[in-house]
Amino acid sequence: MRARGAAALAALLALAGCDSGQIKQTSLPPPHLISGPLIVPPACAKRTQSPDHPGEPSLAVDPTNPRQLVAAWQENRSPDDVGNIVAVSHDGGSTWNRAVLPSVLTCTGGLYTHATDPWVSIGQDGTVYVSALVSRAASSAGTTRDIVVSISRDHGATWEAPVVLQSLTAPPAQPDKDAILADPRRPGVAYAVWVEYPVTGNAQPSLDQVVFARTTDAGHTWSKPASIYNGNDEAQENQLLMTAGGVLLDVFVEGSSLPGTAHPPPLPVTVRVMRSTNQGQTWSPPVDAATFTYTNAVDPGTGGQLRFFGQQITAAAAGNAIYVAWFEDHQDFSTILLVRSEDAGLHWRPPQVVVREKPQAFLPTLAVAGDATVGVLWFDVRHFARGSARLDTDAWFSTSRNRGAGWTERHAAGPFDLRSAPRGSLGPFIGDYMGLVGLPDGFAAVFIQARPQSRNGPTDAFFSRIPG
């Protein structure tokens with residue numbers, strides 16, 4: 001089955017020609033900056049810190065009021081202070097109020113020195129959930145990492161102390177990559193998912209299990225974490241979706257080991273979907289949605305690694321339709337592909353081309369508007385000039401009104417110099433995902449840009465209201 005899928009995909013790309021045949025339109029209105037100075041507790045202000053550089057934003061819209069938006073992102077500082085910020089808008093994104101999540105970092109009265117991987121969701125009752133991966137100071141026993149959820153019951157005006165869903169010390173184990181979903185049908189019900197790796201010494205772990213928990217009382221208490229999948233491989237980028245029929249889905253990508261080095265060898269990976277018809281109490285065996293070749297992006301000028309990897313899938317639901325997108329960068333072309341299911345994840349259609357171009361395209365983010373228009377935000381380096389000291393990178397947005405058969409492309413933002421973004425161990429870092437939600441009449445996006453677009457530090461967070 002996987003061999004036939006790969007052959008069909010190769011034929012599809014050959015027919016697609018040199019580009020995706022997108023319709024080009026005028027640019028979107030410029031985004032506006034939403035990150036910046038913060039009022040922080042005195043204990044935080046006393047620390048010696050480098051300039052803020054936001055990254056990895058998540059975005060949610062209140063299902064009963066599209067003017068209520070909540071964004072969260074990493075506010076990365078050094079040498080040892082990485083926290084998550086929440087920004088709240090009550091007017092559809094025109095104005096924003098920023099705050100540090102309280103009782104998380106030690107200087108805010110919490111237990112942790114790092115907070116990363118923020119994911120935000122809003123329930124029918126207005127409860128706002130922000131999940132995160134947080135770390136305590138290292139000790140002789142190892143490093144303890146927790147999965148926590150912070151909750152606001154007043155549209156982001158105040159926040160409760162985080163609830164710990166899981167706590168693990170490495171060695172022997174560590175959690176990673178959380179996601180959260182407030183049930184769009186049941187007030188007070190929410191679901192969280194993450195992965196857990198066994199850790200031995202300093203070896204990079206390559207096997208994990210998918211772990212799940214839920215609340216039925218608006219986050220006051222959570223079920224005991226339960227392993228819902230262990231395929232003796234590496235499963236990552238778990239994302240939770242709910243269909244109109246009430247089926248809960250966990251979408252993830254799985255491979256024998258997802259490499260974190262430049263120029264990885266060809267590696268077949270599979271997008272898989274698990275279904276639950278009883279709010280996560282039991283789960284189906286995984287359904288294969290697509291198989292593709294894992295690649296990662298590289299700097300076209302230096303050949304150095306960029307932190308954009310093939311496991312960075314993105315998923316969205318609309319009614320009982322499910323969409324999943326990913327990118328692949330090859331020697332002669334780059335592509336973003338999309339698959340969809342019309343029956344809540346049971347069966348999947350062949351991939352459709354969203355983007356096919358010679359410049360590298362990467363980090364797609366997917367959402368569906370109220371009128372069923374599909375939107376994809378992504379980045380590419382088509383404006384990079386060979387020999388330039390800058391790696392000019394732009395954000396683009398494409399929409400499809402026919403379920404992915406045809407696309408209209410618009411310039412969303414940029415260019416910015418990706419090389420000026422702060423470097424991590426795996427290249428310049430702006431995040432492993434961006435924030436995008438569907439609105440009744442279009443989309444809302446929060447994404448990261450580096451200099452010269454950023455104003456407050458090496459990077460800033462930007463908001464864009466996008467008509468469908």
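Note that the coordinates shown come from a computational prediction; the quantities given were computed from them, not determined experimentally.
- At least one cation-pi condition fails for R451 and F416: the charged atom is not both under 6.0 angstrom from the six-membered ring centre and inside a 45 degree cone around its axis.
- Shown are H383, R382, Q449; of these, the side-chain hydrogen bond (donor to acceptor under 3.5 Å, both in side chains) with D394 is made only by H383.
- Ring centroid separation for the pair F463 and W96 comes in under the 6.0 Å cut-off.
- Smallest separation of non-hydrogen atoms from A179 and S131: C-OG, 4.0 Å.
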Working note: D176 + Q236, criterion side chain to side chain donor-acceptor pair (under 3.5 Å); need CA distance, chi angles, decisive distance, verdict. CA-CA 9 Å; D176 192 27; Q236 262 291 8; 3.0 Å; yes
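- Between V376 and the choices W407, Y323, F397, the side chain to side chain contact (heavy atoms under 4.5 Å, CB included) rule is met once, by W407.
- Of the residues D299, D392, L391, T459, the one that meets the side chain to side chain contact (heavy atoms under 4.5 Å, CB included) test with L418 is L391.
- Here the side chains of S398 and R410 are not in contact, with every heavy-atom distance at 4.5 Å or above.
- A centroid separation of 6.0 Å or more is found between the aromatic rings of F362 and W378.
- When each of D208, I180, L165, L133 is paired with W194, the side chain to side chain contact (heavy atoms under 4.5 Å, CB included) condition holds for L165 and for no other.
- In plain terms, the two heavy atoms of S256 and D233 that are nearest each other are CA-OD1, 3.5 Å.
- In terms of heavy-atom proximity, D329 sits nearest to A361 at OD1-O, 3.2 Å.
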Derivation of the side chain to side chain donor-acceptor pair (under 3.5 Å) call for N278 and S276: CA-CA 6 Å; N278 54 11; S276 174; 2.9 Å; yes
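- Close placement of the W283 and F212 rings is indicated, their centers lying within 6.0 Å of each other.
- Looking only at side-chain heavy atoms (C-beta outward), M242 and V247 stay at 4.5 Å or farther from each other.
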